[in-house]
Structure formats: structure tokens, C-alpha cells
Amino acid sequence: MAERFLVGAGVGSGVAHGKAFVLRRPEASLAQISKPGNRVGMIAIQNAMLAVAENLENVNTVGEAKEVMQSLAMILRDPVLFQEVKAHLSEGAEAADAIRRAFARFARQLEALGGYFAERASDLGYLANRVVAELAGDLPEVEFPAEPFILVSDSISPMDAAKLDPNRVLAVITSDGTPTSHSAIIVRAAKLPMVVGLIGSGLIRTGSDLLVDANSGQVFLDPSAERIAHYASAAFTATELINVIDDTREAPVTLLANLGSSFEAAGAIAAGAKGVGLFRTELLYLGLQIPPSLDEQVTEYSNLLRAFAGKRVLVRVLDLDFDKPLPFLREAGAGKYANRGLQVLLANKEVLNTQLEALAIAQKTSPTTDLWVMAPMVLSVEEAKEFAGLARKAGLRKVGVMIEVPEVTEPQVIEDILKQVDFISIGTNDLTHYALGKSRHVAGDGAVSGTITLAETRKPEVFDLIARVIAAAKKAGKPVGICGEAASDPESAKLFIELGVDSLSASSALLPQLKAALLV
Ligand code: PEP
Ligand code: MG
């Protein structure tokens, strides 16, 4: 089966390979309790809330996980929350609906308080489901597989997270949730790799083969033998890892990390990354009905830039690369590049300008971080010029574009693009797909297909384009980096270095191996 490449936010660090076990329990409970005519009284709801609170308090756990349980129980015992439920019930709402709406409203109130409270808000949805499930009283005991497995769920409760047996669970994947949720804190403390907010997780079935890379938030569904071997060869013993990272010899080019969330920063630094070569900002936008606010974005970018003080950080503005467009974006373009890349942002300038403004504000909070901002998938010189103009107007100093389609590797085009920008970055994932005539879309499922192999990027049809782009950048005296998967492949990386690239960027799970290979 062809490999597929899915992206979410990595939590903690580590890589796991194994079979999926898919659990979608809370929704079934919600459906049951929401059946028309299934009315449940206030006392029953109050009892359910108290029962869940008690359950949380009694979970046998210590340290950070214990604190999490206690604070969730406190939320459930808050009389204001119960008053909210009552208000919805007296307006005639069904029990499940009343609970969901009251908890959602409470979550918004917590969010408005900001800081620690805002971070806790993401757990309220889970708590509502838990109370409904308690009311429905239908929680069948789940039969977990006998063999170690990768748990895949819409969300995971802090209580279930605390009960995970690290000897049986290899990693955790959720389609909802944020890296700051209580569950994520608990899973990270248990040192299990986790990816939250995974786009396209609906494609995963129980028994699916998965490779989870928590360092970069990447999940490979049905990974190729080559991918598995690539990650396996990157697995170092603890001592070897320390030796590679502590090796004072520098790699021949700057090695940077690909990240999908500021939570992955610590893992990247621990892996010896000299900075960030690709920060994918898509996760900030996905699942939202309206774009993230300026403040939300400033917070995330400031966290990222602070973590890399004194280092270089390349942030890529929003790149739509899946079939389901965001509801607040106007569609743009036609043909194989429809609704992809920079053209979408240029058709939605208010969204782009807010993102650029947020980045410029964040830059001021971390003056020692060297922020470079780039646009995805530029299709023409005019697009590059327009983007560079907007970014500079917003106050950003280093502005670049990603080279990801064959059309812009034409000598005259790339030469003219280089006149507009301060740097370029080659996205070998897309470039390889398009140069070989493959589509990266998978009809109807919103996922990105990763059916190219690392070796395919070395085929002349692709490699000659990369060589041409690097040569043009050298001639123009502008930095050029590579941030597609091929950058982590030692064989390809050595060729890119011979051609003169300035930086290579990859998942931090693969960086130590890359450095070791480049030093021999
Ligand atoms: C690429 O296309 O190589 C790239 C790095 O971008 P993404 O994988 O996010 O499309
Ligand atoms: Mg790309």
C-alpha cells in the first residue's frame, strides 16, 4: 500500500512504529444520550459530574498527573458550571446538549482569562464527553490488543492518559486536542511519543501500520520499507546520541529542524539543531471557523522565537495542502496547483497580513532570534514580488519563498525570483511529486499522499531542477536551503552539499544520524 504522510503537532519526543488501535468511544455515548426524548434530570447530571470528579481524584497516579486530575475535578465541582448546565436545561435543551453547551461556554470564559486557565480550556470538551458517557452508563470495557499498539483516538481523557501502560502503548495519536492539554502533559511525562491534532487521522484503521515521529509531528501511514529503515538507522543508543550531539566538529552545512508546533522546540535543541529550517504554521488554522486572532498567533510565534534565542528560525506562512479548504479562505487558482500555496494567501490578504503582523510583533519580543519568513509554493515572479513587498511592509527583515514546482526552476524565472527575495528554500517533497507528474492530493480524504521515495528525489528529472536552483542562488549570492524529507537522507544530503546548499532541515528525530553521516 502506498505510504501516506500526515501532519499534526508533536508532543514530547521519540519515534514509534507499530499497528494502530483506533478508539472512538465518547462520540457513541453522546449519540446515545442525545436521542430525542431521552430526557435526563438535573440531579442525574449533577451526580454524573460528581461521579466523574471522584473518579478523577481517585486515579492512582502521582506528580504532575495527580495535579492535573485534581484541577479537572475542581472544575467539575465548580457551582458556576452546574448553574450553566441548569440554565440550558431549563431553556429546554436535551441533557447532552445542555452539558456540551455549558462546558463550551465555561471553556470560553477560561480562555478569556488567558494564561494557565486558557490552556486548561481545551480539556472541557473532554470533560463534557466524560459526563455524558457517565450518564449514558454505557462505557463497555474496551478490549485492547495483546500486542503493543499505537493508540489512535479523537481525543484522550487525562484519566485514560494516566492509565496508559507504557509497556503496551507505543505512542498516542489524537485528531483533536492541543499540545498544552492535560492529556498531552501526562503522555509527555510518561515519555510516550504523541501527535495531537493529526490532519487526516480518519484514514487510520485498527491494524493500520504507522510510523509516528513526535519530534516533528509527522505520521507515516503504511510507511515504505525505505522509510522504516531510514528511521531505524537513525535510532541511536543513549550514549551514541550524546556522542554525536556533543561532537564539537560542525557539520559541513547548518543543520536545522522542521517543526509543526512550538512544543517541539525543546526536542529540536536537544537533538543539536542550530535553529528551525521549516516551521509549518498550518496547525494554528486547522479546524477553525474563523482565522486565529493576532494575539493567539503572537503567543505561538513568540514561544517559538524565545526557544531559539540567538539562532535562526524560518517560519513558513500558511500553506494549504489538503482537499478541505478552510471555511474562511477564498479559493484560488486552477489546475494541479489549485488552492495550494502562496496564491491562496494572496487571494486572502487579510489573513496573510495578520500572520505577517503577528510574526513582526513576535520578532520584537525576541530580538536575538534571527527570524526568516517564507511563502510556500511560489508559482511566478510576480507572486514572489508581491509577497516580499507585503512582508517587508509588515516590518520583516528576511523574506523568502519556497521553490516547490518545476515551472519556477526555469533559469530565467528562478533568476528573477532571486532578485525579489533574500533567500530561497527548496521543498523537495512537492518538487519531487510535481516533477515526476504525481499528484500530492488524495481525492476526498483531506490527506496528503507521500508516495514518493527518498531515492526518487535523486532521479535526474528532479535532481537537475534542484541543481539548477542551487546554482542560481549561488550566482545571486543568496542563501538556499532544503527542507523536504530528502534533506534527512544522508546520500541525498551529501549531493546537495556538493552543489552548495547552505542548510538542510529535517525532523529532529533524524538530525543526529544526519550529522553523524556527514562527519564521516
Ligand atoms: C516540501 O514540499 O518539501 C515541504 C517541505 O513542504 P510540505 O511537506 O509541508 O508541503
Ligand atoms: Mg511543500
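Whatever order the structure lists ligands and atoms in, that order sets their numbers, starting from 1.
- When each atom of ligand 1 is checked for a heavy atom of C483 under 4.0 Å away, the hits are 5 (C).
- The two residues F279 and G260 make their nearest non-hydrogen contact at CE1-C, 4.0 Å.
- Counting the atoms of ligand 1 from 1 in the order shown, those under 4.0 Å from a heavy atom of R280 are 5 (C), 7 (P), 8 (O), 9 (O).
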Full working for side chain to side chain contact (heavy atoms under 4.5 Å, CB included) between L454 and H230 | CA-CA 9 Å; L454 293 168; H230 186 45; 3.7 Å; yes
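- Summarising the geometry, atom OG belonging to S216 is positioned 6.5 Å from atom CD belonging to E264; distances are rounded to the nearest 0.5 Å.
- Using a cut-off of 2.8 Å, one finds that D319 contributes no N/O/S atom close to the Mg ion (ligand 2).
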How far apart are the C-alpha atoms of D213 and Q218, what are their side-chain angles, what is the distance that settles it, and do they pass the side chain to side chain contact (heavy atoms under 4.5 Å, CB included) test?
-> CA-CA 5 Å; D213 176 359; Q218 300 183 120; 3.9 Å; yes
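- Remark: distances from the non-hydrogen atoms of M377 to ligand 1 are all 4.0 Å or more.
- For the pair V195 and V11, the minimum side-chain heavy-atom distance is 4.5 Å or more.
- Residue contacts with ligand 1, taken as heavy atom pairs separated by less than 4.0 Å, do not involve N258 at all.
- At a threshold of 4.5 Å between non-hydrogen side-chain atoms, the residues T281 and Q355 count as touching.
- Those atoms of ligand 1 that come under 4.0 Å of a heavy atom in L278, given as number and element, are 5 (C).
- Using cut-offs of 30° and 60° for the angle between ring planes, the F21 and F149 rings count as perpendicular.
- Remark: ligand 1 atoms within the under-4.0 Å shell around heavy atoms of D430 are 1 (C), 2 (O), 3 (O), 10 (O).
- The closest approach of D430 to the Mg ion (ligand 2), by N/O/S atoms, is made by OD2.
- Here atom 4 (C) of ligand 1 lies nearest to E404 when heavy atoms of E282, Q218, R340, E404 are compared.
- Geometrically, ligand 1 and E485 share no nitrogen or oxygen pair separated by less than 3.5 Å.
- Within E404, the N, O or S atom at minimum distance from the Mg ion (ligand 2) carries the name OE1.
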Run the side chain to side chain donor-acceptor pair (under 3.5 Å) check on S366 and R306 step by step: do they pass?
-> CA-CA 6 Å; S366 286; R306 203 172 313 116; 5.0 Å; no
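- Near G484, meaning under 4.0 Å from any of its heavy atoms, are these atoms of ligand 1: 3 (O), 5 (C).
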